[in-house]
Amino acid sequence: MKTFNKDIGALGENISENYLKNLGYRILDKNFRCKCGEIDLIAINKGYICFVEVKTRYGINYGTPAESVTSSKQKKIYKTAQVYILMKNIIDYNFRFDVIEVLLNSNNNDFLVNHIEDAFQI
């Protein structure tokens with residue numbers, strides 16, 4: 001089950017990366033990890049550095065994918081973003097935290113992408 005979830009997550013991240021690129025975003029990093037946590041995608045668009053959490057599901061029986069980005073998860077993402085900003089010495093940019101929901105269809109290869117810009121603030 002764990003590898004299945006990891007595979008689903010990787011698929012959602014690939015879909016999200018292509019989605020953002022098609023909108024004109026430039027991907028700076030994928031799966032940035034530090035001791036504080038992980039950020040799925042880090043992109044730049046229109047003067048914003050976007051820290052993107054990707055959540056992929058086959059349905060909403062247990063709530064929407066974005067609902068799984070709890071306040072504790074948000075704090076981990078924020079701390080990880082701080083590390084990234086310091087490591088990369090990023091200045092002169094605005095920052096925001098986005099969530100991308102990817103809903104997969106179990107009957108075929110269709111999917112739905114919901115991009116929530118500025119989904120949370122700390």
Side-chain angles (χ1 to χ4, degrees):
M1 186 67 157
K2 197 170 195 174
T3 54
F4 176 75
N5 288 341
K6 197 169 189 172
D7 292 343
I8 296 304
L11 174 61
E13 288 172 12
N14 288 338
I15 290 169
S16 297
E17 180 181 359
N18 290 329
Y19 170 84
L20 290 174
K21 285 180 178 177
N22 287 335
L23 290 177
Y25 287 69
R26 184 167 52 94
I27 305 300
L28 300 175
D29 257 309
K30 297 185 283 189
N31 302 113
F32 173 77
R33 288 181 179 89
C34 68
K35 66 180 179 178
C36 297
E38 178 187 3
I39 297 176
D40 296 325
L41 297 170
I42 302 171
I44 187 169
N45 183 261
K46 297 179 183 173
Y48 278 91
I49 302 288
C50 307
F51 298 97
V52 183
E53 176 69 9
V54 178
K55 290 297 182 182
T56 307
R57 301 283 187 275
Y58 269 106
I60 57 170
N61 294 340
Y62 301 104
T64 66
E67 289 175 330
S68 67
V69 184
T70 61
S71 62
S72 62
K73 177 68 174 172
Q74 292 172 10
K75 288 175 188 169
K76 283 179 84 168
I77 294 168
Y78 180 77
K79 287 178 183 176
T80 306
Q82 287 179 310
V83 170
Y84 184 84
I85 291 164
L86 289 172
M87 282 179 63
K88 302 291 183 171
N89 195 27
I90 299 173
I91 55 173
D92 296 330
Y93 282 96
N94 293 311
F95 304 98
R96 74 170 195 241
F97 298 92
D98 295 359
V99 173
I100 295 183
E101 299 177 313
V102 179
L103 291 170
L104 303 172
N105 186 329
S106 58
N107 298 326
N108 55 38
N109 291 331
D110 285 345
F111 56 86
L112 176 69
V113 175
N114 181 28
H115 182 190
I116 305 166
E117 292 182 8
D118 207 11
F120 63 88
Q121 296 177 358
I122 301 292

I would like to know whether Leu11 and Thr56 meet side chain to side chain contact (heavy atoms under 4.5 Å, CB included); could you show each step before the answer? CA-CA 8 Å; Leu11 174 61; Thr56 307; 5.8 Å; no
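- When the side chains of ILVMFWY residues are joined at heavy-atom separations under 4.5 Å, either directly or via intervening members, Val69 and Val54 end up in two distinct hydrophobic clusters.
- Residue-environment remark: CZ (Phe120) exceeds the threshold of 12 foreign heavy atoms within 6.0 Å.
- Hydrophobic clustering keeps Val113 apart from Val99 (ILVMFWY residues linked when any side-chain heavy atoms are closer than 4.5 Å, directly or through intermediates).
- Nearest heavy atom pair, residue Leu103 against residue Gly59, reads CD2-O, 4.2 Å.
- Atoms CD and SG, from Gln82 and Cys36 in turn, are 8.0 Å apart once rounded to the nearest 0.5 Å.
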Can Asp29 and Lys88 be said to form a side chain to side chain contact (heavy atoms under 4.5 Å, CB included), step by step? CA-CA 11 Å; Asp29 257 309; Lys88 302 291 183 171; 3.8 Å; yes
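- Smallest separation of non-hydrogen atoms from Ile60 and Pro65: CG2-CD, 4.3 Å.
- Between Asp40 and Glu38, the closest heavy-atom pair is OD1-OE2, 3.9 Å.
- Tyr19 and His115 have perpendicular rings, their planes meeting at more than 60° on a 0 to 90° scale where under 30° would count as parallel.
- With salt bridges taken as basic N to acidic carboxylate O contacts below 4.0 Å, none links Lys55 and Glu101.
- Ion pairing of Lys30 with Glu13 is absent here, as no side-chain N (NZ or NE/NH1/NH2) approaches a carboxylate O to less than 4.0 Å.
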Residue pair Ile15, Leu104: steps toward the side chain to side chain contact (heavy atoms under 4.5 Å, CB included) verdict: CA-CA 10 Å; Ile15 290 169; Leu104 303 172; 4.1 Å; yes
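- A distance of 10.0 Å separates CD in Gln74 from CD in Gln121, rounded to the nearest 0.5 Å.
- The CZ atom of Phe97 sits 11.5 Å away from atom CD1 of Ile49, with the distance rounded to the nearest 0.5 Å.
- Atoms CG and CG, from Asn18 and Leu23 in turn, are 11.0 Å apart once rounded to the nearest 0.5 Å.
- Shown here is Lys76, whose NZ atom has no more than 12 heavy atoms of other residues, nucleotides or ligands within 6.0 Å.
- Exactly one residue among Leu41, Asp98, Ile42 makes a side chain to side chain contact (heavy atoms under 4.5 Å, CB included) with Phe51. That residue is Ile42.
- Cluster annotation: Phe95 and Met87 are assigned to the same hydrophobic cluster (Ile/Leu/Val/Met/Phe/Trp/Tyr, side-chain heavy-atom contacts under 4.5 Å, transitive).
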Apply side chain to side chain contact (heavy atoms under 4.5 Å, CB included) to Ser68 and Arg57, showing your working. CA-CA 11 Å; Ser68 67; Arg57 301 283 187 275; 3.1 Å; yes
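- Val52 and Phe32 are members of different hydrophobic clusters when ILVMFWY side chains are connected at heavy-atom separations under 4.5 Å.
- To the nearest 0.5 Å, atom OG of residue Ser16 and atom CD1 of residue Ile27 are 9.0 Å apart.
- Between Leu28 and Tyr84, some side-chain heavy-atom pair lies under the 4.5 Å cut-off.
- Residues Gly47 and Tyr93 approach most closely at O-CD2, 3.7 Å, considering heavy atoms.
- Here the straight-line distance linking atom CD1 of Ile90 with atom CD1 of Ile44 works out to 8.0 Å at 0.5 Å rounding.
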